[in-house]
Amino acid sequence: MAELTYRDAVAAGIAQEMRRDDNVYFIGEDVAAAGGVFKTTGGLLETFGPRRVRDTPISEEAIVGAVMGAAMAGLRPVGEVMFSDFFATCWDIVANQVAKTRYMTNGQVTLPLVLRSANGGGLRFGAQHSQAVENWAMAIPGLKVVAPSTPADVKGLLAASIRDDDPVVFLEAKSLYATKGEVPDDEHVEPLGRAVVHGDGDDVVLIALASMVPKALEAAQRLRVEHDIGCRVVDLRSLVPLDMSTILEAVGATGRVFTVEENPRLCGWGAEISSIVAEEAFYDLDGPIVRITTPHVPLPAAETLEDEAIPSVERIVDTVVKEQ
Amino acid sequence: MAELTYRDAVAAGIAQEMRRDDNVYFIGEDVAAAGGVFKTTGGLLETFGPRRVRDTPISEEAIVGAVMGAAMAGLRPVGEVMFSDFFATCWDIVANQVAKTRYMTNGQVTLPLVLRSANGGGLRFGAQHSQAVENWAMAIPGLKVVAPSTPADVKGLLAASIRDDDPVVFLEAKSLYATKGEVPDDEHVEPLGRAVVHGDGDDVVLIALASMVPKALEAAQRLRVEHDIGCRVVDLRSLVPLDMSTILEAVGATGRVFTVEENPRLCGWGAEISSIVAEEAFYDLDGPIVRITTPHVPLPAAETLEDEAIPSVERIVDTVVKEQ
Amino acid sequence: MERPEGWADEAKLDETTRLDLYRKQSAIRQFEQRAYDLFLQNLVKGTSHLSLGQEAVAAGFGAAMRYDDFSFCTYRGHAHTLVRGASMTGLMAELLGRSNGILAGKGGSMHLTSTEHYAMGSYAIVGAHLPIAAGAAWAAQERGTGQVAVCFFGDGTTNIGAFHEAINLATVWKLPVVFVCENNLYMEYTPISSVTAVEHPAAQRAAAYGLEPLIVDGNDVDEVYGIATTYIERARAGEGPALIEAKTYRKGGHSRADPAKYRPPEEVESWLARDPIDLYRARLLELGFEAAVLDDIDAQVLVEVNRATEEAKAAPPPSKDLIYTDVWADGGSQWRN
Amino acid sequence: MERPEGWADEAKLDETTRLDLYRKQSAIRQFEQRAYDLFLQNLVKGTSHLSLGQEAVAAGFGAAMRYDDFSFCTYRGHAHTLVRGASMTGLMAELLGRSNGILAGKGGSMHLTSTEHYAMGSYAIVGAHLPIAAGAAWAAQERGTGQVAVCFFGDGTTNIGAFHEAINLATVWKLPVVFVCENNLYMEYTPISSVTAVEHPAAQRAAAYGLEPLIVDGNDVDEVYGIATTYIERARAGEGPALIEAKTYRKGGHSRADPAKYRPPEEVESWLARDPIDLYRARLLELGFEAAVLDDIDAQVLVEVNRATEEAKAAPPPSKDLIYTDVWADGGSQWRN
Ligand SMILES: Cc1ncc(C[n+]2csc(CCOP(=O)(O)OP(=O)(O)O)c2C)c(N)n1
Ligand SMILES: Cc1ncc(C[n+]2csc(CCOP(=O)(O)OP(=O)(O)O)c2C)c(N)n1
Ligand SMILES: [Mg+2]
Ligand SMILES: [Mg+2]
């Protein structure tokens, strides 16, 4: 076990898989010589050479299209879309081509590919470089959607995503890049579709993803200590596949559900999970299901505004205290 | 009052506004000389001339970008995106530019524009020409989202969308183009954000949009006659603004909520409304909130498969009978 | 435009190749005429896009490709899929939405694919498949398979962003991909000239990517075969991509919904006079081929088309369970546990 | 490349224009140096993109534009917004995230806009603003206002699809828009030459849109002013769009995070020796302008920069209520009743 940053765990995950499988390739803008604008992929070019690790032009459709075509033709490519906001510039290739081709061809085409991207706010980058777009991807049948909250999960889930034979949108929380944690040195692969439950409080369950997990954990701690409210926190880790059985179990154990999500309010994963719970576990519920989200506005840039817009530990605590 | 098709009501709505306001322009692929590939805009070129009604190249980013730039600079343009699936090819301009610019500029920029598109399935066009993408648009703060179910609403809501000073994504249900209804001959404008309630059954409320409205109405009829279940049907008409007060009132009156939506299951508007109800009207509910949706798969092309995938009158009836 | 060195000389084409070119065109023609008949009988559901009149392009390239070269085409893709060897029954049945369709009815006429024959798919959103084809070429390059990707698209496609991104990437990475623009003068109903900054929408843009401007008579299958062979083999030899504009014309409308009234009658007439199959038949006869040999090919094709039609019509619609298959590589569609 | 007819002759520029060009460059330079200092003091939050070394492009075009011509630029847009007359305090305060920011802190450094000065925004996703600028030009054309849209972007932007779509549309519709590619040889950290099919990423693509290839020395403000005037006025006269490639270089990194170590030292040195402001000052002195006059301009600018800095630093952060304003034209953010 070594202590790695979330940032460094990205390169560690890719390197592990490139070493294991010669068909793993990695492309993107400024990813090779410069090691990525978030410095997540440093050293890969040096280790794996300029054929397997390549810089591209600023052509997101070409990047994702090339990754798709290569996956059809025998590679297992990883493409970087620098900021997840830029998925919008290649959404046709992602949502209409990558996601649908296996289905439309009745299984003739297999697309073992990963699209990595820096997701979410917190760096005061403004509305076009800070979006949490996990719900965009979740809304599209045919995409797996993974979003780790710890360095160990970055490595393990990225490895699993690369090994997966389906297209995976892998969203790294840019606000977590500098965070640190223990990461297994050895081969490390975490299966997709398993949520992790922290704590065993019986009062409420906080369901969170990626950047919201550390906040939910801190809120849970404060709720216990300051308000004597027992929480359990579900770290979803992937939205597709979705570990509903773990969620429903936690709902059953607590009866009160709070989702904590970074994306703007409407049609987020919180709404999806809330509505599944309202359909399937209605009689387990002791009260309303509450969603804590960024308000339905584009994200503002200034520090004070951004901090207020994105769910904070404070807001989670206050909401639970008030609603519970 | 004349009887018009849903298709013809499109041209009627645009013509009404072009006549009224010289700044209304209309562009898109094959919309002028050919009158649109769905024949929705026939006659506009002849009436308003080749400057105000123009064919474009196959360049969705340029179409939507031009509409946005023109709206900034004094026009009130309407752009057509031929099939709503193609929003993916210009999603950056729609979701990152059009939706966010007013907010980012602290209100300096006003964007009175409409993006019309043929939405949804039912014509056996396959997975890339049949998507119901209302949830894509609803998930983006800064977009209004309108989806009429009748010819009269096509005209009235399209007129209101054109007059609106905000960007509106106007989704026409292509499976309804051939349907007919009475449409006021005179100036006709329906305010955005008002749902319509049909019926006054006390047992369940069916919440539906666009193509699902006629199906919900027929299902309601059959539920009453065949199963003695009293329904009211809410035709949402717009997702943003959303008429939650009408919805909550109907929830209060019935206690059982069914949403009927065409988009694939995850993160649809049904999830959003269900989760709002589960949060705000929890104590009004007599049982689970049930979502009737297309399954979370790309839409298959063959008749039998498509008909089975999209919610049918049959499925609505069966679901209500079983769950109620 | 000068004929580049090495452009296969049509005068030298051997007999087998010539008959193959004839057969391929005949197959496309008869298949599509049948599809049209079935559409009139209301048996083809959804949309369909014929390339009647454009047969020489798919036939010429099809004959020039190695069996394992990748091909990518559009919704107007019956021809391009057929020439790779895909099952006629499978294709016909797909148009009819039957269980023995090549996609079991799940994809429909706009997504014909036969990976077994390296026909890597028909793409229905303009432009998307150009970068995808580049990606397949990239994989071939890296894996050293010697495969080339051939990517067909229309004139209208030259104005969408993906065209630009794909060709630039292909040149920079020197990918073995040949981009083929079938310039049939029209997008759906709008003439390409009315919305394009240059007269030759592909050829006059080649220089923007450091490529040669290449135009070929798309109604002359020998010419098409010649240029196809030349540039496919150059790509295979590691000399990078090409962009070829084939001038041609569709006899009918854009899709089944379109009577194509927007085209000037003289234009239509002059192109109908240059039907690629009539032209080729005349050339072959002139070169000494026997009419009976050609008739025999046509007859064989007809038998095949008849069989395909019967097999397709006889098959049931797809089972409803298929809705839930093959979203994922595990064969299913579960997104939750 | 030959100088086209009517290209304003720099030898004829009058004194006022020359001093204006000097002042504009000085203002950009001093504003950005201050922004950099404030960044080192950790007062600039988020990112920021300086155009130190590229001042001549924004200054030359800024001077050539009519007050009501529209300008569109990128995240690297301090310069282009300043030259239109936007408030220095407003710009500085926006970088600092203060309530008196030109966007009240809601947009941040990458979205500077001053519609009052027809500075129609800074766009942070590569390529998006090209079609938007074309749209503004379309409105000007239809409304007969005589306005021209000027759209600035980088070399890296020439490989994204929107570039292609926008320029084609602009040509076909003969829109009054001038596209200005500031070729500073790099995208973020990657040299443009390594990922682009042609050497001059804009100029060598002009022909793909029926436009002339135009390259200008982007470090010579007189040259920039000359070509800007020529093509803006041609556009205004109804002669359609232009695509101009200005060769230049940024002195520092792509953004605040970037020490720019990836550039060969000789390359950096040779460009630093061609600092546009040093060059211009030398030229003006040679032409007989007094050093004191230029120093005075610099001093006036410094006063302004100081005032802007103080006013920005003195202002409070924006009120949290602003989160909920101006999603909609009614001033609010309600999406439901
Ligand atoms: C992005 C996108 N925009 C619009 C369409 C609708 N559409 C389908 S085919 C077509 C015309 C394409 O013209 P061209 O590329 O010349 O091909 P052709 O049909 O002539 O073979 C259009 C506009 C589409 N499928 N995708
Ligand atoms: C679509 C898109 N892809 C990637 C980026 C990230 N990015 C921001 S600036 C930049 C480099 C742009 O280079 P260029 O156009 O030369 O402009 P310059 O920064 O040199 O002024 C990149 C890749 C982006 N903003 N948008
Ligand atoms: Mg065409
Ligand atoms: Mg640059």
Side-chain angles (χ1 to χ4, degrees), chain A residues 27-39 45 50 54-63 65 81-83 85-90 92-93 121-131 174 264-267 294-310, chain D residues 44-47 75 94 96-99 101 103-111 123-128 154-163 186-192 194-197 201 254-255 257-258 261-262 316-327 333-336:
Chain A
I27 65 171
E29 294 162 16
D30 305 295
V31 300
V37 303
F38 289 106
K39 302 284 170 238
L45 171 67
R54 268 208 209 184
D55 287 318
T56 66
I58 307 175
S59 307
E60 277 74 6
E61 290 193 287
I63 294 170
V81 172
M82 195 188 283
F83 285 73
D85 314 66
F86 309 162
F87 273 119
T89 65
C90 51
D92 175 52
I93 315 279
L123 273 70
R124 293 81 177 88
F125 281 168
Q128 293 183 342
H129 282 70
S130 306
Q131 290 170 87
K174 64 171 92 72
R265 189 160 188 86
L266 299 189
C267 299
T294 295
H296 204 61
V297 300
L299 207 63
E303 201 169 21
T304 43
L305 301 181
E306 189 182 32
D307 286 342
E308 180 77 10
I310 297 175
Chain D
V44 174
K45 307 299 178 175
T47 183
Y75 48 88
E94 191 63 28
L96 270 56
R98 303 303 165 104
S99 58
L103 314 170
K106 288 174 77 169
S109 103
M110 298 205 282
H111 298 291
Y123 294 78
I125 300 193
V126 159
D155 45 284
T157 305
T158 62
N159 289 328
I160 202 155
F163 165 90
Y186 288 84
M187 297 143 62
E188 295 211 11
Y189 312 151
T190 302
I192 185 69
S194 69
V195 295
T196 308
H254 165 74
S255 68
D258 171 23
K261 294 268 169 62
Y262 42 81
S319 146
K320 291 178 179 171
D321 303 340
L322 283 179
I323 293 172
Y324 303 99
T325 64
D326 268 310
V327 171
S333 61
Q334 277 303 329
W335 49 268
R336 59 174 284 189

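Each chain gets a letter, A, B and so on, in the order the sequences are listed, and its residues count up from 1. The figures that follow rest on heavy atoms only: side chains count, while hydrogens, waters and symmetry mates do not. All figures in this text were calculated on a predicted structure; none of them were measured in a lab.
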A.B. asks: Can you say whether Ala309(A) sits under 4.5 Å from chain D via the side chain, the backbone, both, or neither, judging by heavy atoms?
C.D. replies: both

A.B. asks: What part of Ser194(D) lies closer than 4.5 angstrom to a heavy atom of chain A: side chain, backbone, both or neither?
C.D. replies: neither

A.B. asks: For Arg265(A) versus Trp335(D), what's the shortest heavy-atom pair and its separation?
C.D. replies: CD-CZ2, 4.1 Å

A.B. asks: With Glu94(D), which residues qualify under side-chain contact (heavy atoms from CB on, under 4.5 Å), at least two apart?
C.D. replies: Ile102(D), Leu103(D), Leu112(D)

A.B. asks: Could you work out, with ring pair (Phe, Tyr, Trp, His ring centres under 6.0 Å) as the rule, every residue matching Phe125(A), not counting sequence neighbours?
C.D. replies: Phe83(A)

A.B. asks: Name the region of Phe163(D), side chain, backbone, both or neither, that has any atom closer than 4.5 Å to a heavy atom of chain A.
C.D. replies: neither

A.B. asks: Tell me, for Ser59(A) versus chain D, whether the close heavy atoms (under 4.5 Å) come from the side chain, the backbone, both or neither.
C.D. replies: both

A.B. asks: Check whether Arg54(A) gets within reach of chain D through its side chain, its backbone, both or neither, counting any heavy atom under 4.5 Å.
C.D. replies: neither

A.B. asks: With only heavy atoms counted, which part of Ile58(A) is less than 4.5 Å from chain D, the side chain, the backbone, both or neither?
C.D. replies: both

A.B. asks: Taking Tyr189(D)'s backbone N and O only, do any of them form a donor-acceptor pair with Asp30(A)'s side chain (distance below 3.5 Å, no angle check)?
C.D. replies: yes

A.B. asks: What are the two closest non-hydrogen atoms of Ser333(D) and Val297(A), and how far apart are they?
C.D. replies: CB-CG1, 4.0 Å

A.B. asks: So which part of Ala124(D) gets closer than 4.5 Å to some heavy atom of chain A, the side chain, the backbone, both or neither?
C.D. replies: both

A.B. asks: Side chain, backbone, both or neither: which part of Thr47(D) has a heavy atom under 4.5 Å from chain A?
C.D. replies: both

